[in-house]
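Below you'll find the structure, written out as structure tokens, and then a few comments.
Lettering follows sequence order; numbering is per chain, from 1.
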Amino acid sequence: MPSAARLSLHVPEPSVRPGGKPDFSHVGFAPAGEARRPPVDADPAEFRDLAYSLIRVLDDAGAAVGPWAEALSAADLRQGLRDMMLTRAYDARMVLSQRQGKTSFYVQCLGEEAVACAHRKALAPGDMCFPTYRQQGLLIAAGWPLVDMMNSVFSNEKDRLKGRQLPTMYSAREAGFFTVSGNLGTQYPQAVGWAMASAIAGDDKIASAWIGDGATAESDFHAALVFASVYRAPVILNVVNNQWAISSYQGIAGGESVKFASRGHGFGIASLRADGNDYLAVHAVSAWAAQRARANLGPTLIEWVTYRAAAHSTSDDPGKYRPRDEGAAWPLGDPLERLKLHLIKRGEWSEERHAQMRAEIDAEVLDAARDAESHGTLHDGPTPSPASMFEDVYKDMPRHLREQRQQLGV
Amino acid sequence: MPSAARLSLHVPEPSVRPGGKPDFSHVGFAPAGEARRPPVDADPAEFRDLAYSLIRVLDDAGAAVGPWAEALSAADLRQGLRDMMLTRAYDARMVLSQRQGKTSFYVQCLGEEAVACAHRKALAPGDMCFPTYRQQGLLIAAGWPLVDMMNSVFSNEKDRLKGRQLPTMYSAREAGFFTVSGNLGTQYPQAVGWAMASAIAGDDKIASAWIGDGATAESDFHAALVFASVYRAPVILNVVNNQWAISSYQGIAGGESVKFASRGHGFGIASLRADGNDYLAVHAVSAWAAQRARANLGPTLIEWVTYRAAAHSTSDDPGKYRPRDEGAAWPLGDPLERLKLHLIKRGEWSEERHAQMRAEIDAEVLDAARDAESHGTLHDGPTPSPASMFEDVYKDMPRHLREQRQQLGV
Amino acid sequence: MVEAIRDALDVKMAEDQKVVVFGEDVGYFGGVFRCTEGLQRKYGKSRCFDAPINESGIVGVAIGMGAYGLRPVAEIQFADYVYPAYDQIVSEAARLRYRSGAEFFAPLVLRMPCGGGIYGGQTHSQSPEAVFTHVCGLKTVIPSNPYDAKGLLISAIEDDDPVIFLEPKRLYNGPFSGHPDQPAVAWAKHPLSETPEGRYVVPLGKAAVRREGKGVTVLCYGTMVHVSEAAAEETGVDAEILDLRSLIPLDIDAIVASVEKTGRCVIVHEATLTSGFGAELAAQVAERCFYALETPIRRVAGWDTPYPHAEEWSYFPGPERVGRALLAAMEG
Amino acid sequence: MVEAIRDALDVKMAEDQKVVVFGEDVGYFGGVFRCTEGLQRKYGKSRCFDAPINESGIVGVAIGMGAYGLRPVAEIQFADYVYPAYDQIVSEAARLRYRSGAEFFAPLVLRMPCGGGIYGGQTHSQSPEAVFTHVCGLKTVIPSNPYDAKGLLISAIEDDDPVIFLEPKRLYNGPFSGHPDQPAVAWAKHPLSETPEGRYVVPLGKAAVRREGKGVTVLCYGTMVHVSEAAAEETGVDAEILDLRSLIPLDIDAIVASVEKTGRCVIVHEATLTSGFGAELAAQVAERCFYALETPIRRVAGWDTPYPHAEEWSYFPGPERVGRALLAAMEG
Ligand SMILES: Cc1ncc(C[n+]2csc(CCOP(=O)(O)OP(=O)(O)O)c2C)c(N)n1
Ligand SMILES: Cc1ncc(C[n+]2csc(CCOP(=O)(O)OP(=O)(O)O)c2C)c(N)n1
Ligand SMILES: [Mg+2]
Ligand SMILES: [Mg+2]
């Protein structure tokens, strides 16, 4: 019989730290095509195994295999590749802009582009995403103008958020993109509430909620799962497991002993774990969950397994807490490269067309940046008026805010 | 392919309402002796089934059967029976006192006595329970003086809580009974923190956390599970599923589609579901979890399946929302009757000895009540001094409270 | 006042499909204080339903519903249990409109019983208004009688900003002068107990003069309106009693006008003194009426302790304490 | 100031095995502001460790640890993220001693960076002190310089009551007069940057006079101490500047003594105005110094809006706004 005279505290620790040799054996990944695909109306109790496996479509050779392989057109896939490339180029430009002092802060999604870009394509117009600061791909895949996003990043005179928000905290109702909160997890129950409202109203719209591995530890995650399961809300509960919070790895959120997807089991929620670096898998799994929600069958929780290839934000230096070459060892590859390989393998793409598209995209981003910069950057050029600071606190400005605006003399 | 043109909101509803015929088929209960008993150091992933089954020891004929049957002495069991009878008699007296206006409010645990009484016996001195308002059985089984408890219920001059707390919100550090909070769920992460502290200090004490089915919906439940699993805290996470919150049934907390025990799975926490009306099962399962915790193997979550046989509190009338005869249909019987039957079957008890013990207990409760009442009741007789109202807000009374005490003129 | 609140919900639910009502025990049972009784039967389970016991979730989903376009009216069973929802209220509901450049907003009403006087002990007696009045983006409202309760609640539901709607539970079934030893009075005989049928509004941001007077201005709300009235009667002080009704937005004009007339000011609330809303009132009066004030502003409030169970009436700022402050204000 | 805070933790961890430090990113990495750097290496993983991202859980487990007998010092990564923990702080930490008749208590310290001035936008700039000062049972402390930071933090850790310890993040790396256009200054040259080695305490509840003067009393704390100093210099007003350091308990004697001397009072804080801690200060000064006051008390504070990103410097109550209030107070 085991026994310990004295207790001791277990503190999870990543398998390696700076200087060590990267190791991802704990990710527990499986060959493409292996995971089964239940019908959308299956009882979640019957596929609990799918929270512990890994749904993958693209194999190492670039072939789409297994039951989750859908009949996506080459055009759609080329568009997907373009969305991801655009997201990456946009990010690179904004990081540069931040370094140049044109804004205060930026968050890129390097390596995670497939999750947001492919998911967006599985949704319908009118559906609402409740994203975190790392889902710019949702907006880009929705075709939202880059220049509008940049205006917000620069907090310039054309910023639709009037300079109020940190960069990357976009809001775009028309694009089905809910205003990003700086507070982790809060938007998760809100997404559930939005979905409940759609159900109450007898609508056919669904919601898509977003959270990171680290933030699943937040209590609002639980609130969301409770309400989603009790009322069978038409919502997709996305968990982006990019292995890291800021400096703390997913083990500190509980990932040492379980897969995050299994958090849904205690609620009877359909729970899937999928390769987040596989555009085809993300699309197929998202479409499955969307169909389930729209058929009034309730929520699906999806853990997207991916890797945060860059720093947490421009304020962060990951070299302080993980090996600098960790990304190179990431077993699920790069989402852009994998989709590119697939398209080439299908005979629908080539290195030349790829290089050409890249050039186009670079030009597009540059144009947008020039356009946005012409309306000002954080410390340079036109800004929103200080008077606007007092607007939108309430629908109608109450007397005490009018007085304060006067005091400021604007 | 299923599809719904329009979504609709699902709102869980108990199978019957007042006037209907009680139905407990959803409880999904199993014959005694069936559930297996893993070694305490088994990997929780290997016994997930135990969250969906029901660990029972006493069968309908009063025999102790199956792998969870322990070698508890007849003396221990007679003491257990006495603890439960005392708890029930104490409750009855306090409900009466409330009706007589001797206090404002009371919460009984009728029908749930086994859970707290048997659990307490599986703990060791120095362990700390973090109870709700319905775990008076923990105190009584610890041998805590009834008169002390009554003093608190009456908020009289001898109330160790100085009249500050609602009745049933006891605190008794020496008895390993943490101060009860009126706020649901808050004590759950505190218990985890206490257990973490014990581990940090290299101690051998464990914590026992308590929550109701309704309150598992609270976000602090999640916080507790996150911390308990990440740090493998030596804590027992008890969920008392007595089928009802106040007027809302366990389905509103998520029990419609899952067993609460399975909430532990998403955290890799050992999770068991047990018959809470079976003194032997409660003791055996609690002892297993305590051993596990003390061996530094981490937390165990236990769903105790029981039934709140009376009103939620003296402020409640359950006839408004459930059939008045629902309790009679409860399939897991009455914990006192079941243990009594077992003892009689073992030849260690008789109807006569039972009647005699009852009389003794009634006298003991009456004596304690007279004693306590001699020190005052809520509206009658001596009370704690108004001056004490200003004490213990801080360790040392700060100036502004001294001023306020002066203003009150006490 | 329970009936007035239920009536307001009924009127709005009948008039506007977008109004949904939910909270712990509010569905089939109709709420522990019976404020939603009958609404589920009348409007169906998807318009009035029980919520899981998770206040943060209740507010979080209400925000989502509001963003969708509904008008959620959520109940927190006791104001003492609103704190788990504080983040959703402060960081989310209050800021949604601002941070989204008015693309999204949360037109929700959070109803919650507050205040003591029912031997509820420290977790069924609190008055947390000040932790909301400090948060820009929220409106905070508290009625003192059935007429206002219905009219203010209808205003709150129609308002496009998030409204914290505090209901003094000691007033649910009758006015209360603060004398626990006197027999309980029903609303029936009170002039403000009559609520016109159907829709009417009491606007947010307008105080009401409950008693005219020239000697001293009393700023109060909720249960303390009745206590202050009793104190004025009992001391004979010529007090002008303002029932603020809405704390944010605040009717500063009415306050200034009265204090400039009387030259004296007593502020009364049941919440703990330090950093209570009375501090804001005192600060504003001190700043705006400096030259009119003849004696120091006095605050009468709950002591800076948790609300005790047995010593409830030593804690409650009753007519005697208010009366002493009135007399002191008259003296200087 | 970062070093001073780290030093205080180091001193206490070395001295007392019961002191444990945890929070998001505080372990291996040493905290996003580096306040806990090196502590894990020095004291081991079970004395200094990373916490899951759950502020309510962080405080909840800290309470349990405190009840066990440890002295937890938990970090909330930004004060803006403390709201999820509000219930554990208000309903639990603050009341444990009271409700248990002093059987249990929670000697925890909650450290959190507050305030703006780093382009952090609305969720990295808040100053939520007033939602704590309203809660009896809590102490609320905020240093303005390295010397005090170390001494106050040691006091807080040794204190048997729960302490909210706010750290103005704009002061982490140097004093700040509120002129963003002027080059950043390091602490090195500031007289209060020297922190004696080892243990020393600055007692909770004692204000410090940062500048003596006869014209007007300025009540302030945190970053605003430096801003007020700059305002006094720039306007030439003979201001007496009180750095409150601890809001609860409050050094009311020092405040009254100063206001009675000067007859004028300006209150400055970075938090939003309405129901801010300045309201309590104004209320107390108005009540206690009524006959000494020659001109109205004035409050300078953050506007009642969320802290905006781009317009940070229009929001920040800088020396110009404070200076205007000083001049106005002198004029009447
Ligand atoms: C309530 C709250 N607590 C803390 C933070 C600070 N914070 C910002 S991002 C972050 C890490 C989040 O990690 P994860 O959820 O994994 O998302 P990722 O950044 O990896 O996409 C933390 C701790 C915050 N924004 N909100
Ligand atoms: C935070 C909080 N919200 C709401 C309440 C009001 N309340 C008290 S008991 C209760 C029901 C609890 O049900 P459950 O957890 O099943 O425990 P049981 O009473 O059945 O033992 C509710 C809603 C509370 N005390 N605290
Ligand atoms: Mg992450
Ligand atoms: Mg229950």
For S155(A), run the side-chain hydrogen bond (donor to acceptor under 3.5 Å, both in side chains) check against H309(D), E312(D), E311(D) and tell me which one passes.
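Of the listed residues H309(D), E312(D), E311(D), the side-chain hydrogen bond (donor to acceptor under 3.5 Å, both in side chains) partner of S155(A) is H309(D).
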
Provide the closest heavy-atom pair for R164(A) versus Q122(D) in the form atom of the first, atom of the second, distance.
O-NE2, 4.0 Å

Considering non-hydrogen atoms only, spot the tightest contact between I53(D) and A245(A) and give its length.
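Looking at all heavy atoms of both residues, the shortest contact is CD1-CB, 3.8 Å.
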
Looking at chain A, which one of [options] has the largest number of heavy-atom pairs inside 4.5 Å, strictly under?
{"options": "R321(D), E24(D), E55(D)", "result": "E55(D)"}
{"options": "G121(D), P52(D), G27(D), A51(D)", "result": "P52(D)"}
{"options": "P306(D), G120(D), G30(D)", "result": "G120(D)"}

Could you tell me whether the side chain of [Y] reaches within less than 4.5 Å of the side chain of [X], counting heavy atoms only?
{"X": "Q404(A)", "Y": "D304(D)", "value": "yes"}
{"X": "L408(A)", "Y": "S314(D)", "value": "yes"}
{"X": "K320(A)", "Y": "Y28(D)", "value": "no"}

What part of [X] lies closer than 4.5 angstrom to a heavy atom of chain D: side chain, backbone, both or neither?
{"X": "I246(A)", "value": "both"}
{"X": "I252(A)", "value": "both"}
{"X": "V11(A)", "value": "both"}
{"X": "P318(A)", "value": "neither"}
{"X": "L401(A)", "value": "side chain"}

Output yes when a side-chain donor or acceptor of D50(D) lies under 3.5 Å from a complementary backbone atom of S248(A), and no otherwise.
no

Y119(D) side chain vs T103(A) backbone, donor-acceptor pair below 3.5 Å:
no

Contacting moiety of F78(D), where chain A heavy atoms sit under 4.5 Å:
neither

Taking side chain as everything from C-beta outward and backbone as N, CA, C, O, which of these in L273(D) sits under 4.5 Å from a heavy atom of chain A? Side chain, backbone, both or neither.
side chain

Give a yes or no on whether [X] atom [atom1] has more than 12 heavy-atom contacts from other residues, nucleotides or ligands under 6.0 Å away.
{"X": "K45(D)", "atom1": "NZ", "answer": "yes"}
{"X": "K18(D)", "atom1": "NZ", "answer": "no"}
{"X": "R41(D)", "atom1": "CZ", "answer": "no"}

Look at [options] and state which one has the largest set of heavy-atom pairs under 4.5 Å with chain D.
{"options": "A253(A), S315(A), S219(A)", "result": "S219(A)"}
{"options": "E391(A), R405(A), E13(A)", "result": "E13(A)"}
{"options": "N183(A), V393(A), L9(A)", "result": "N183(A)"}
{"options": "G251(A), G254(A), P167(A), A215(A)", "result": "P167(A)"}
{"options": "M169(A), H379(A), K162(A)", "result": "H379(A)"}

For H400(A) and T274(D), what are the C-alpha separation, side-chain angles and deciding distance, and is it a side chain to side chain donor-acceptor pair (under 3.5 Å)?
CA-CA 9 Å; H400(A) 65 283; T274(D) 299; 4.6 Å; no

How about F29(D) and Y321(A): are their ring centroids closer than 6.0 Å?
yes

Run the ring-centre check on F49(D) versus H10(A) and record whether the distance is less than 6.0 Å.
no

Would you give the length of the straight line joining atom OH of Y315(D) to atom CE of M389(A), rounded to the nearest 0.5 angstrom?
8.0 Å

To the nearest 0.5 Å, what is the distance between OG on S125(D) and CG on L166(A)?
7.5 Å

